[in-house]
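Written below as structure tokens is the structure these notes are about.
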Amino acid sequence: MLLRPVLFALAALTIGLSATKARADNPIIQTRFTADPAPLVHDGVVYLYTSHDEDDAEGFKMLDWRLYSSTDMVNWTDRGVVASLKTFPWAVQTNDAWAPQVIARDGKFYLYVPISVAGSPKNVIAVAVADNPAGPFKDALGKPLIGPGRDNIDPTAWIDDDGQAYLYWGNPNLWYVKLNKDMVSYSGPITKIEPGIGDYQEGPWFYERRGRYYMAFASTCCPEGVGYAMSDKPTGPWTYKGPIMNHDPRATGNHPGIIDYKGGSYVFGFSYEHNFALTPIHHERRSVSMAKFDYNADGTIPNLGWWDKTSAPQVGTLNPYKRVEAETIAWTSRLKRDRDRPYAWAPGVTTAQDDRTGVYVTRITDRSYIKVAGVDFGQAGAKTFVASLANSRPGGAIELRLDRIDGPVIGTLQVEATGPAGQWREQSALVTAVTGVRDLFLVFKGSGDNPMFDFDYWRFEQ
Ligand code: FUB
């Protein structure tokens, strides 16, 4: 009889019994619609550049390019807009910010993007440059790198071991040119790949791995899948190797991005099906998905079928004792009233950015939540939760739960008013001592459906 209350008290003092092994869920970004994933691994970080479908898109409506970063493939930090059509004032400003790719060389980062100019044909490829992966990227030329042409979309770049850089692009034909060392000019002819690669449509993704050259792409529309070809040389000839993802009605306007990171291989793309977590309407409101795979011994890529709802396992943990940006998110959604279950589709929080604060979380409503996966509280245990918040009206709370959306509550921060809009202040709450590696759910509580406070960063203290 005595044992039970003692055990209960011990558990309440230190919540640290279970360790999580988190996996990413698709789509991996839920705060807005993203497409055309272009991952770059640099200095131990995955930088995921994307194009961006506007919330009210009906057909393509694309104005800027965004960046997300991760060191564990499950928690993604929103790094904001890194370039937009305004970066290229000589281009059409109302639409056509399509599939980007960023590549690093000699301490600089080069962003290649398809945009459009007045007239016909209208498709051009532009290049912008930045001193760090998060930009801001500046127009390098004041004019297109690759001039108007019907096929001129979807650039992909690679620097070979001998230092020669290549730029491929095109829909429905695939073209390439040799880039100069400055990465913003080229030498030699613009060359069409002939004969074309079987099943090629658009969205090429060019890279070399262990002496083999790969060209992944969105396969022939419609519906699209992801196919790939291989070659012994960067300029081909290319041999079609089959689908990585099958043709599937769950995608048009697809685009692969492939990387190796921390011993695993990953293919990014998108599937309409996963957008159902975010919206009942799709045209074109896409969101990026990811799958992990293993190359076959001969370097070929297995047919993965399609992106699953559950994606890759986490490769690393998150340190809660250092500042964590609130926009570091494994999943966000909104719960049904009085139920610990999400709506079939329910936008959770989103992000905004300004020059003073950078990117922060906004549209925080009652019952919206952020899941952060694999938070390593260590053995000493956390005692206090600290959050930087801007709250122009009193009210609202952040409930901290462990492991599941209906898991144990370790503390609740009652959010005080911080003054006029844009005034940030750290606020804190005591928490039940928590140890070990846990998934953390920040559940926002208030009343009504209106957005409450904004949220910049958080940390725990011991
Ligand atoms: O996202 C706009 C366009 O649709 C891309 O540039 C293509 O690859 C296709 O995904």
Side-chain angles (χ1 to χ4, degrees), residues 27 29 32-39 48-67 81-85 88 91-92 94-102 111-117 121-127 144-146 148-157 167-175 196-197 199-206 215-228 244-245 247-258 267-275 282-290 307:
I29 309 295
R32 53 175 48 74
F33 300 113
T34 53
D36 302 321
L48 178 64
Y49 299 86
T50 71
S51 59
H52 167 209
D53 291 331
E54 292 293 320
D55 284 359
D56 60 350
E58 291 184 13
F60 289 139
K61 184 175 177 188
M62 305 173 73
L63 308 176
D64 52 24
W65 298 276
R66 301 190 63 92
L67 173 62
V81 172
V82 292
S84 73
L85 291 172
F88 308 102
V92 167
T94 49
N95 208 341
D96 302 340
W98 286 10
Q101 188 177 350
V102 170
L111 167 74
Y112 300 92
V113 288
I115 48 180
S116 64
V117 291
K122 66 182 184 110
N123 300 325
V124 300
I125 290 168
V127 57
L145 170 64
I146 306 294
R150 287 179 62 83
D151 290 354
N152 295 354
I153 67 167
D154 294 357
T156 177
L167 188 76
Y168 274 88
W169 70 89
N171 176 2
N173 300 297
L174 182 61
W175 302 78
I197 299 172
D199 211 22
Y200 176 88
Q201 179 69 54
E202 59 177 343
W205 185 259
F206 174 46
M215 185 72 65
F217 48 82
S219 47
T220 311
C221 197
C222 287
E224 288 183 349
V226 171
Y228 78 108
I244 302 172
M245 299 293 180
H247 288 262
D248 193 298
R250 288 171 284 187
T252 53
N254 218 326
H255 191 300
I258 297 177
V267 54
F268 297 75
F270 100 96
S271 164
Y272 278 141
E273 164 193 46
H274 300 138
N275 295 31
H282 293 308
H283 19 245
E284 290 277 346
R285 302 177 196 178
R286 296 164 290 175
S287 47
V288 168
S289 289
M290 178 183 80
W307 284 274

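We count ligands from 1, going down the list as the structure has it; atoms in each ligand are counted the same way. Counting from 1, the numbers follow the sequence of the chain as shown.
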Output all residues satisfying side chain to side chain donor-acceptor pair (under 3.5 Å) with Ser84, sequence neighbours left out; order by chain, then residue number.
none
Is a salt bridge present between Asp53 and Arg286, judged by a nitrogen-to-oxygen distance below 4.0 Å?
yes
Give a yes or no on whether a salt bridge exists between Asp96 and Lys122, defined as a side-chain N under 4.0 angstrom from a carboxylate O.
yes
Can you sort out which atoms of ligand 1 are near Met62, meaning under 4.0 Å from one of its heavy atoms?
1 (O), 2 (C)
Please could you name the atoms of ligand 1 that Glu202 approaches to less than 4.0 Å, counting only its heavy atoms?
7 (C), 8 (O), 9 (C)
Is there a heavy atom in Arg286 that sits closer than 4.0 Å to ligand 1?
yes
Given Phe217, which of Ile197, Val226, Thr156 fulfils the side chain to side chain contact (heavy atoms under 4.5 Å, CB included) condition?
Ile197
The protein heavy atom nearest to atom 1 (O) of ligand 1 is Asp36 OD2, 2.5 Å
Could you tell me the residue and atom name of the protein heavy atom closest to atom 4 (O) of ligand 1, and the distance to it rounded to 0.1 Å?
Phe60 CZ, 3.4 Å
Which of the numbered atoms in ligand 1 are below 4.0 angstrom from a heavy atom of His255?
8 (O)
Do we see a donor-acceptor contact under 3.5 Å between the side chains of Ser116 and Asn123?
no
Do Trp205 and Gln101 come within less than 4.5 Å of each other through their side chains, counting heavy atoms only?
yes
Per-atom contacts, ligand 1 versus Asn254 - under 4.0 Å to a heavy atom
8 (O), 9 (C), 10 (O)
Can you find an N or O of Asp154 that's nearer than 3.5 Å to an N or O of ligand 1?
yes
Rounded to the nearest 0.5 angstrom, the CD-CH2 distance for Glu202 and Trp98 is 7.5 Å
Any idea which part of Ala35 is under 4.0 Å from ligand 1, heavy-atom wise: side chain, backbone, both or neither?
neither
